[in-house]
Amino acid sequence: MFLRIGTMRFPSQDKMDAYIAMLQTVFFKKFQEDTLMLQHLVIKTGEGKLAGYGLYKSKEDFLKTGSKTKKLLTDLVKSQGGIVEFNDGEVIVDWKRET
């Protein structure tokens, strides 16, 4: 698995809320149609702050569509006056609770 982590900071709660609304209504559909991303999680880490996680099956899938995803998200964050920083890497440890 391969993962991209993005940390985002917005100038206000309203700008962050607008980003989340656009992400859910427009960009999740784009992820499904235009990328090889398996999952996208977003967590609120503070007022006006988010962290997003995009999971890919392999580094190859990430390389095929990861730059397009990064551009889409960067443009969306900047349109709301925010800043974003990305970190990419291979998942080397994965623990799941046994059920």
Side-chain angles (χ1 to χ4, degrees):
M1 286 190 286
F2 207 80
L3 182 71
R4 168 171 280 143
I5 301 169
T7 54
M8 295 147 275
R9 193 171 9 166
F10 297 90
S12 69
Q13 184 69 35
D14 289 340
K15 296 281 188 176
M16 186 182 82
D17 291 342
Y19 168 83
I20 293 168
M22 290 216 28
L23 189 63
Q24 292 174 316
T25 59
V26 177
F27 285 84
F28 283 179
K29 184 177 179 182
K30 285 184 177 288
F31 293 161
Q32 181 69 35
E33 295 172 354
D34 300 338
T35 77
L36 297 173
M37 190 183 327
L38 298 174
Q39 184 177 8
H40 187 75
L41 292 153
V42 177
I43 62 169
K44 183 176 179 181
T45 60
E47 188 169 333
K49 296 178 185 177
L50 300 172
Y53 302 85
L55 187 62
Y56 295 81
K57 182 178 179 180
S58 65
K59 186 173 184 176
E60 292 76 24
D61 285 357
F62 172 81
L63 292 173
K64 286 179 187 175
T65 61
S67 61
K68 182 175 186 173
T69 306
K70 184 177 179 179
K71 181 170 176 13
L72 287 170
L73 292 173
T74 299
D75 291 348
L76 179 57
V77 169
K78 286 183 178 182
S79 76
Q80 296 305 317
I83 57 171
V84 62
E85 180 180 314
F86 290 105
N87 294 288
D88 310 328
E90 184 177 1
V91 176
I92 58 169
V93 177
D94 181 17
W95 178 87
K96 293 181 184 176
R97 181 173 302 280
E98 292 181 26
T99 57

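We're numbering straight along the sequence, starting at 1.
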Task: Remaining members of the apolar cluster that contains I83, side-chain heavy atoms under 4.5 Å - done: none
TODO: Go through the structure and list residues passing side chain to side chain donor-acceptor pair (under 3.5 Å) with D75, not counting sequence neighbours.
DONE: K71
TODO: Provide the full list of side-chain hydrogen bond (donor to acceptor under 3.5 Å, both in side chains) pairs with a residue in residues 84-99, sequence neighbours left out, each pair given once.
DONE: R4-D88
Task: Pairwise side-chain hydrogen bond (donor to acceptor under 3.5 Å, both in side chains) hits with a residue in residues 24-49, at least two apart - done: none
Task: Interatomic distance, I5 atom CD1 to L55 atom CG [nearest 0.5 angstrom] - done: 10.5 Å
Task: With E60 via side chain to side chain donor-acceptor pair (under 3.5 Å) - residues at least two apart - done: S58
Task: Pairs meeting criterion salt bridge (charged side-chain N to carboxylate O under 4.0 Å, His left out) with involvement of residues 5-22, two or more places apart - done: none
Task: Residues in side-chain contact (heavy atoms from CB on, under 4.5 Å) contact with L38, at least two apart in sequence or another chain - done: K57
Task: Nearest heavy-atom neighbours spanning V93 and V91 - done: O-CG1, 3.5 Å
Task: Where P11 and G81 come nearest, the two heavy atoms and their spacing - done: CD-O, 3.3 Å
Task: Hydrophobic cluster partners of M37 (side-chain heavy atoms under 4.5 Å) - done: F2, M8, F10, M16, Y19, I20, M22, L23, V26, F27, F28, F31, V42, L50, Y56, F62, L63, L72, L73, L76, V77, V84, F86
